[in-house]
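What follows is a set of notes on a single structure, which appears directly below.
These numbers were taken from a predicted model, which means no experiment stands behind them.
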Amino acid sequence: MAVKTALAARALLAIGCLCLLWMATGIAVAQTPVQTASVASARMMPEPARIGAARLGDHGDKTRFVLELTRDAPFTILPDASGVAVEMEAALDAALPPAKGLVKSVSVRPGAKAGHLRLILATTGPARVQLAEIIPPRDGMPPRFVMDLAAGKAGPGAVLTPASASMMNPPVPKEKPKPPLPMIVIDPGHGGQDPGAVAVSGAYEKDITLAMAKEVRRQLLATGRYRVALTRDKDVFIPLRDRPALARAKGADLFISLHADSITGRQVRGLSIYTLSEKASDREAEMLAQRENQSDAIVGMDLSVQSADIANILIGMSQRDTMNQSRRFASLVLKNLDPNVAVLPGPLRSAGFAVLTAPDVPAILVEMGYLSHSQDAKLLGSDTHRKRMAGSLLRAVDSYFTGNAVPPRS
């Protein structure tokens with residue numbers, strides 16, 4: 001029994017030793033791949049970029065410095081007492097180029113970090129960096145570092161490199177382009193051989209509307225918030241259909257046609273505002289859809305490639321939206337009208353005026369009063385009333401563009 005116990009103890013001891021030996025061997029084996037992977041990783045690190053060629057080129061208004069590289073390399077442009085310095089993570093295998101253009105010498109010294117070098121370009125005078133970039137390989141050429149130097153002190157025109165935190169010049173923020181100001185087109189009714197209505201005072205409608213249009217233009221421009229154009233700024237005749245065409249050509253966001261009415265009953269007086277009627281709108285849409293060249297029927301759409309039915313639908317949709325905007329603007333004019341300006345009963349009206357038929361420009365026609373009425377005729381000929389009317393239109397335009405209006409067309 002004692003012998004068996006001793007044998008059993010020895011067997012257990014042997015087995016334990018074998019287990020310890022196996023575990024130790026396993027640990028050693030497990031550690032070996034980690035060490036091997038570390039060595040392999042170190043061996044797989046990319047070789048530093050090497051400069052295989054360096055040259056200068058004199059291009060008259062600039063001097064170009066070129067380095068041919070084996071691969072892309074980070075770089076930094078730095079100021080230097082003698083000119084400009086290029087700090088680059090690379091090794092130099094090429095001869096430095098002789099003087100040329102603005103550069104009187106090129107020298108090299110160790111960079112600020114291990115594996116970096118610094119190329120010093122001594123210049124003949126003050127110089128600024130116009131360009132500094134890495135050009136990727138193309139057309140059989142290796143990657144290249146290119147830097148252009150121009151005469152003069154560094155300023156807003158200097159080009160900066162994104163790799164640098166300490167550049168020759170601070171970055172110059174680019175201003176975001178401002179959206180164009182809304183374009184308001186004012187249409188003085190009549191003109192030239194078409195005098196329009198004749199006032200009881202003998203004044204012509206064409207002169208009254210032109211004087212009013214100029215005052216409206218003056219007040220709108222004085223705000224600095226709008227661009228303004230007149231369909232005519234002198235006594236000339238312009239066909240009715242040409243007036244909305246002129247507005248569209250100028251990129252109008254609003255079209256205001258100014259007129260003064262006349263009637264046999266001399267007791268009638270007061271202002272009224274017209275937008276295009278539904279019936280006239282349908283007729284205009286049909287006429288536009290039937291045109292051979294529809295490329296400009298609606299701004300931003302070429303309808304010449306559409307069928308007649310589709311073109312008609314698109315024009316009709318644009319026309320309806322424009323009419324809704326026109327009615328909204330007409331309501332704003334009435335709302336912002338000076339209380340001293342008399343108005344007709346039911347002053348918001350619609351009709352088939354040809355000047356209101358642009359399918360994509362909100363438009364109103366303002367009958368400012370009746371020249372057949374002595375009081376209206378007198379007011380329409382006065383500077384005070386013109387300023388009052390122009391101020392009313394200005395307030396309406398402001399309300400239109402500060403509310404939920406269609407944004408100006410670019």
By salt bridge (Lys or Arg N to Asp or Glu O under 4.0 Å) - contacts of [X] (at least two apart):
| X | result |
| --- | --- |
| Glu89 | none |
| Glu215 | Arg218 |
| Arg232 | none |
| Arg217 | none |

Heavy atoms only: give me the nearest [X]-[Y] pair and the separation to one decimal.
| X | Y | result |
| --- | --- | --- |
| Ile238 | Asp242 | CG2-CB, 3.8 Å |
| Leu371 | Ala377 | O-CB, 3.7 Å |
| Arg71 | Pro143 | CA-CG, 4.0 Å |
| Thr231 | Leu246 | O-CD1, 3.9 Å |
| Asp253 | Val361 | C-CG1, 4.5 Å |
| Thr322 | Ala358 | CG2-O, 4.0 Å |

**OP:** Check the pair Ile135 / Met141 against side chain to side chain contact (heavy atoms under 4.5 Å, CB included), numbers first and verdict last.
**Re:** CA-CA 10 Å; Ile135 300 176; Met141 296 292 290; over 6 Å; no

Compare all side-chain heavy atoms of [X] with those of [Y] and state whether any distance is below 4.5 angstrom.
| X | Y | answer |
| --- | --- | --- |
| Val341 | His385 | yes |
| Asp148 | Val129 | no |
| Met368 | Thr209 | yes |
| Ile263 | Tyr370 | yes |
| His190 | His259 | yes |
| Ile77 | Val86 | yes |
| Arg144 | Arg138 | yes |
| Leu69 | Met88 | yes |

Original post:
Partners of Arg225 by side chain to side chain donor-acceptor pair (under 3.5 Å), sequence neighbours excluded?
Top reply: Asp398

Results of ring-ring contact (aromatic ring centres under 6.0 Å, His included) for [X] - residues two or more places apart only:
| X | answer |
| --- | --- |
| Phe329 | Tyr400 |
| Tyr226 | Phe401 |
| Tyr274 | Phe353 |

Side-chain donor-acceptor contacts of residues 94-123 below 3.5 Å, not counting sequence neighbours, with atom names and distances?
| from | atom 1 | to | atom 2 | distance (Å) |
| --- | --- | --- | --- | --- |
| Arg118 | NE | Glu87 | OE1 | 2.6 |
| Arg118 | NH2 | Glu87 | OE1 | 2.9 |
| Thr123 | OG1 | Gly125 | O | 2.8 |

Going from [atom1] on [X] to [atom2] on [Y], what distance comes out if it is rounded to the nearest 0.5 angstrom?
| X | Y | atom1 | atom2 | answer |
| --- | --- | --- | --- | --- |
| Asp58 | Thr63 | CG | OG1 | 5.0 Å |
| Ile273 | Ser257 | CD1 | OG | 12.5 Å |
| Leu254 | Leu220 | CG | CG | 9.5 Å |
| Leu149 | Phe65 | CG | CZ | 9.5 Å |
| Leu393 | Leu258 | CG | CG | 6.5 Å |
| Leu181 | Arg227 | CG | CZ | 6.5 Å |

Subject >> Listed once per pair and sorted, the salt bridge (charged side-chain N to carboxylate O under 4.0 Å, His left out) pairs that draw on residues 183-208, sequence neighbours left out >> reply: Asp187-Arg243, Lys206-Asp235

Subject >> Listed once per pair and sorted, the salt bridge (charged side-chain N to carboxylate O under 4.0 Å, His left out) pairs that draw on residues 369-381, sequence neighbours left out >> reply: Arg269-Asp376

Does the [X] side chain pair with the main chain of [Y], one donor and one acceptor, at a distance under 3.5 Å?
| X | Y | result |
| --- | --- | --- |
| Asn336 | Ser392 | no |
| Gln325 | Pro362 | no |
| His59 | Asp61 | no |

Subject >> Pair Leu348-Ser331, side chain to side chain contact (heavy atoms under 4.5 Å, CB included): steps then yes or no >> reply: CA-CA 7 Å; Leu348 296 179; Ser331 298; 3.7 Å; yes

Subject >> Candidate list Met389, Lys387, Lys214, test side chain to side chain contact (heavy atoms under 4.5 Å, CB included), partner Gln219, passing option >> reply: Lys387

**OP:** Apply side chain to side chain contact (heavy atoms under 4.5 Å, CB included) to the pair Lys335 and Arg395, showing each step before the final yes or no.
**Re:** CA-CA 9 Å; Lys335 181 179 178 181; Arg395 289 190 296 274; over 6 Å; no

Subject >> Residues in side-chain contact (heavy atoms from CB on, under 4.5 Å) contact with Thr275, at least two apart in sequence or another chain >> reply: Ser326, Arg327, Ala330, Ser350, Ile364

**OP:** Take Ile208 and Arg386 through the test side chain to side chain contact (heavy atoms under 4.5 Å, CB included) and record every step on the way to the result.
**Re:** CA-CA 9 Å; Ile208 289 170; Arg386 272 195 292 271; 6.0 Å; no

